[in-house]
Amino acid sequence: MEHIKHINKKIAENRDELDRWINTQVEKAFIPLYTSVDLRISDYKIAPVDTNVFPAGFNNLSEAFRAKATSLFKDYFNREYPSIESILIIPELHTRNTFYWENISVLKSIVENAGYRVEVGIISDDDLPDEMEFEAASGKKVKAFRALKNNQRVTIPDLDPDLLLINNDFSEQCPKTLRDITQPVEPPVEIGWHTRRKSVHFEFYNKLAAEVAAIIGIDPWAISIDTIEDIGVDFDNREDRERVAKLVENTLTRLKSDYHKRGISQEPYLFIKSNSGTYGMAVVNVSSGDDVRGLNSEKRKRMRVSKGGNPVRDVVIQEGIPTSFKYDSEISAEPVFYLVDSQVAGGFLRLNKSRNTLENLNSRGMEFAHIDPCDETPHIDKVDTICSPSLELIARIATIAAGYEIEKILDEGGCKEEVA
């Protein structure tokens, strides 16, 4: 992966100017409290393929990275909310996924270690008991309480928290319970997947990536990702499939030209994804327009709904980036970065034994592997771990892009529809 060594070298040579650029962007954008960024790294390109502003995999961080996250949370809360003492985590609704509850258990301990009382509160229209218990993957029990809105404050029995920490991406609609309250809410509920659009995120990302490329003197193509939007798609409709197929063919033609200019012999391919949502749902990869025209019933079904059963009607057609990362020399892998307050807290590898280097690894059969913490000295030649400066930089650009995306959402009014 010589291109990573080259980018690392350019970062080192232009570190002061790059740091000034990052600091300026962090001051200008509405940086989310925390993010996770999925990266794909090929032999010719590095780029993010997903940025989540409600990350749900803190359990996959090593102990050293958890400690770093604690320090970053503490610094953020001390600066932004110096008088708070208690925090209520608002998790996903109605899930019995033990790995998700392991994430909540670890997130709770990370923030507790920063010096706060931390509890878990469930928001739901259902008639829930005041106290509930969920089992985490490790066997630990996570205690949660029913959270109610009273006098513009969200409370649980025996606690009126100073701050609400959201770990729910609200894929369906914006929760009315968390609107118009006097407590601070981090991150804002307005930025759930009910309002976010991947097309908007990657438009901001590619613009910022081009600015960074100009600063450090590299080809912006090496850190950008071609992404186009199509609205109102029903994959069960032949005419809609034909329209998407033509967009796919046009995109592949453009990418083939880009590959030829840069001496890349590999054939390009694409992912078609829901324009909102995460968890690797509603994703298919294609290498020709005919792949779209001939989508079988299983793949059409996959593209009908995203998380929460929401119908998929808007999609992005995105450049596919084959992964060059391998775990134990044979398992396809990709790095996932976790950031707090725009600072890298750490990361891990997503693995999938049942997927090849071209496919979506965020799918059935995925596993996760801890990574050793980075030392304090950047390594220009270190390209086989997430400690590479270029990978951290891409993750930070994606987080800044999420900040501009959030500002756009808030400027446009945030929540369009609300539920209780």
Side-chain angles (χ1 to χ4, degrees), residues 1-26 28-29 31 35 37-51 197-229 250-271 273 316-325 334-335 337 339 342 344 378 380 383 386 388-405 408:
M1 289 186 271
E2 289 299 317
H3 66 304
I4 296 183
K5 291 182 181 179
H6 174 67
I7 295 172
N8 288 348
K9 183 173 182 293
K10 289 292 188 178
I11 291 171
E13 291 172 353
N14 298 276
R15 172 55 67 186
D16 290 345
E17 187 176 357
L18 186 57
D19 286 345
R20 283 193 294 271
W21 180 88
I22 290 174
N23 291 336
T24 298
Q25 300 303 321
V26 168
K28 288 167 58 178
I31 302 297
T35 51
V37 180
D38 297 357
L39 295 185
R40 291 282 281 207
I41 303 155
S42 71
D43 291 333
Y44 49 83
K45 176 171 287 209
I46 318 166
V49 293
D50 192 22
T51 303
R197 295 294 179 266
K198 292 177 184 177
S199 55
V200 174
H201 175 74
F202 286 104
E203 181 179 356
F204 280 120
Y205 170 79
N206 285 332
K207 178 180 180 296
L208 294 170
E211 292 181 18
V212 167
I215 290 170
I216 64 177
I218 64 169
D219 181 356
W221 188 85
I223 58 172
S224 61
I225 181 164
D226 199 326
T227 306
I228 62 172
E229 177 187 27
N250 291 339
T251 305
L252 288 171
T253 297
R254 184 170 62 252
L255 286 173
K256 285 178 182 178
S257 176
D258 290 337
Y259 280 28
H260 178 72
K261 290 175 185 175
R262 293 165 177 83
I264 299 168
S265 60
Q266 182 170 326
E267 287 294 311
Y269 71 106
L270 304 168
F271 282 103
K273 307 177 180 181
V316 290
I317 298 164
Q318 188 170 71
E319 173 184 0
I321 301 176
T323 179
S324 297
F325 257 59
E334 62 189 16
F337 278 82
L339 298 91
S342 80
V344 173
I380 290 174
V383 299
I386 69 162
S388 181
S390 56
L391 308 191
E392 291 199 6
L393 175 61
I394 300 305
R396 296 190 74 185
I397 298 171
T399 293
I400 294 167
Y404 282 108
E405 183 188 359
K408 177 179 172 63

Identified side-chain contact (heavy atoms from CB on, under 4.5 Å) partner of I397 from the options I400, T399, L393: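 Among I400, T399, L393, the one meeting side-chain contact (heavy atoms from CB on, under 4.5 Å) with I397 is L393.
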Ion pair check, [X] and [Y], cut-off under 4.0 Å:
X: K5; Y: E2; result: yes
X: D19; Y: R15; result: yes
X: E13; Y: K9; result: yes
X: D50; Y: K273; result: no

Report yes or no: do [X] and [Y] form a side-chain donor-acceptor pair below 3.5 Å?
X: D43; Y: S324; result: yes
X: Y404; Y: Q25; result: yes
X: T323; Y: E334; result: no
X: T51; Y: T35; result: no

Hey, could you give me the [atom1]/[atom2] distance between [X] and [Y], rounded to the nearest 0.5 Å?
X: K45; Y: L39; atom1: NZ; atom2: CG; answer: 13.5 Å
X: E203; Y: S199; atom1: CD; atom2: OG; answer: 7.5 Å
X: I228; Y: T251; atom1: CD1; atom2: OG1; answer: 3.5 Å

Residues forming a side-chain contact (heavy atoms from CB on, under 4.5 Å) with Q266, sequence neighbours excluded: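 For Q266, the residues satisfying side-chain contact (heavy atoms from CB on, under 4.5 Å) (neighbours in sequence not counted) are Y44, I264, P322, L358.
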With sequence neighbours excluded, residues passing side-chain contact (heavy atoms from CB on, under 4.5 Å) with E267: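 Counting only residues at least two positions away or on another chain, E267 forms a side-chain contact (heavy atoms from CB on, under 4.5 Å) with K256.
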Could you tell me which non-hydrogen atom of [X] sits nearest to which non-hydrogen atom of [Y], and how far apart they are?
X: A213; Y: P220; value: CB-CA, 3.6 Å
X: P335; Y: I41; value: CG-CD1, 3.6 Å
X: S342; Y: V26; value: OG-CG2, 3.8 Å
X: I223; Y: A209; value: CD1-O, 3.5 Å
X: N14; Y: I215; value: OD1-O, 3.5 Å
X: V200; Y: K408; value: CG1-CD, 3.7 Å

With E211 via side-chain hydrogen bond (donor to acceptor under 3.5 Å, both in side chains) - residues at least two apart: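 Once residues adjacent in sequence are excluded, the partners of E211 under the side-chain hydrogen bond (donor to acceptor under 3.5 Å, both in side chains) criterion are W21, K207.
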Crowding at CD, E229 (>12 non-hydrogen neighbours, <6.0 Å):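 For E229, atom CD is crowded (more than 12 foreign heavy atoms under 6.0 Å).
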Would you check if the side chain of [X] reaches a backbone N or O of [Y] as a donor-acceptor pair within less than 3.5 Å?
X: T227; Y: I225; answer: yes
X: R40; Y: I321; answer: yes
X: N8; Y: S390; answer: yes
X: H3; Y: S42; answer: yes

Worked verdict on I394 versus Y205 for side chain to side chain contact (heavy atoms under 4.5 Å, CB included): CA-CA 9 Å; I394 300 305; Y205 170 79; 3.5 Å; yes
Criterion side chain to side chain contact (heavy atoms under 4.5 Å, CB included) on I22 and R396, from CA distance to verdict: CA-CA 8 Å; I22 290 174; R396 296 190 74 185; 3.5 Å; yes
